[in-house]
Amino acid sequence: VVRRPARHSGRVTTLSPTPRSTVRRGKERARTEREELYAVLDAVLVCHLAVVLDGRPLVLPTGFGRDGDTLYLHGSTGAASLRTATAAPVCVAVTELDGIVYARSVFHHSVNYRSAVVHGMAHPVTDDEQKLHGLRVLTEHLAPGSWDYCRPPDRRELAATTVLALDLAEASVKIRGGPPVDDDEDVADDTRWAGVLPLARTWGTPEPCPQLGPHHTAPPPHLTTRTHP
Ligand SMILES: Cc1cc2nc3c(=O)[nH]c(=O)nc-3n(C[C@H](O)[C@H](O)[C@H](O)COP(=O)(O)OP(=O)(O)OC[C@H]3O[C@@H](n4cnc5c(N)ncnc54)[C@H](O)[C@@H]3O)c2cc1C
């Protein structure tokens with residue numbers, strides 16, 4: 001019996017691993033639902049973009065945003081990493097660290113996490129309307145509410161910005177949760193504590209710009225009400 005992948009709005013709802021995106025190590029931690037990919041990407045604030053520049057690997061932290069099955073990246077038109085990103089396949093990784101797993105042995109120490117890796121070709125977005133859409137998606141991912149609150153990019157700023165679109169067709173998700181997995185002898189020995197130290201990200205108190213006028217008595221609601229991510 002050939003199982004057909006489930007479809008939602010014409011899109012396959014499961015990730016279809018390619019040789020490159022198949023999780024081999026710790027494959028019980030691999031997730032196959034596309035929704036889980038979206039959840040990880042939407043929960044994480046920054047990504048790492050890997051390119052090959054002048055024959056050498058280069059990994060750079062950078063912002064991103066997701067709209068459906070498109071991941072948007074942006075930066076200066078002068079950025080060599082973004083120029084090279086459209087010439088050859090790229091890889092984008094995101095990680096949210098949820099806790100440190102303290103095992104009874106050093107060997108079995110681990111981390112609880114949600115991570116995703118996206119492989120593919122990044123395409124430059126050249127149409128101004130689509131570029132603005134990509135920038136809105138990116139802005140709203142990092143700073144929800146800012147697109148409508150702030151002055152939009154002008155022509156010069158738009159021309160100085162490269163926007164790349166990466167399809168989420170080839171991606172993997174790996175998630176670890178739960179307690180340590182120790183050797184039976186160490187568990188039976190029971191002389192050492194073991195467990196998880198959870199880690200959670202929280203926002204601090206907004207720090208007003210020193211150049212703000214006196215009428216700015218409080219930050220706007222899109223900052224004060226921000227909870228997640
Ligand atoms: C915060 C954090 C810390 C980690 N620390 C360690 C560590 O110290 N040592 C260690 O060995 N491993 C660690 N891992 C797991 C690590 O990311 C790899 O999954 C693991 O090293 C397997 O590597 P591999 O070369 O065998 O990958 P393979 O399983 O062969 O990778 C094949 C494909 O699987 C996918 N894939 C692999 N790993 C991930 C992932 N984490 N998320 C999404 N897709 C993935 C990619 O598409 C990749 O191309 C950590 C993960 C996270 C998120």
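Order of listing sets the numbers, starting from 1, for every ligand and every atom in it. Just so it is clear, the model here is predicted, and its values are computed rather than measured.
In this structure, Arg176 contributes its side chain and Gly178 its backbone to a donor-acceptor pair below 3.5 Å. No donor-acceptor distance shorter than 3.5 angstrom exists from the side chain of Thr84 to the backbone of Ser81, with no hydrogens or angles considered.
Ion pairing of Asp42 with Arg66 is present here, as a side-chain N (NZ or NE/NH1/NH2) and a carboxylate O approach within less than 4.0 Å.
Between Asp182 and Ala194, the closest heavy-atom pair is OD2-CB, 4.2 Å.
Remark: Ile175 CD1 to Arg29 CZ distance equals 11.5 Å, nearest 0.5 Å.
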Ligand 1: which protein N/O atoms lie under 3.5 Å from its N/O atoms?
unit_1, atom_1, unit_2, atom_2, d
ligand 1, 19 (O), Lys174, NZ, 2.6
ligand 1, 29 (O), Arg24, N, 2.8
ligand 1, 29 (O), Arg25, N, 3.0
ligand 1, 30 (O), Arg24, NH1, 3.4
ligand 1, 34 (O), Thr22, O, 3.3
ligand 1, 41 (N), Ser115, OG, 3.0
ligand 1, 42 (N), Ser115, OG, 2.7
ligand 1, 44 (N), Ser172, OG, 2.8
ligand 1, 47 (O), His119, NE2, 2.8
ligand 1, 47 (O), Ser172, OG, 2.8
ligand 1, 49 (O), Arg20, O, 2.7
ligand 1, 49 (O), His119, NE2, 3.3

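For residues 128-145, the pairs satisfying side-chain hydrogen bond (donor to acceptor under 3.5 Å, both in side chains) are Asp67-His133, with sequence neighbours left out.
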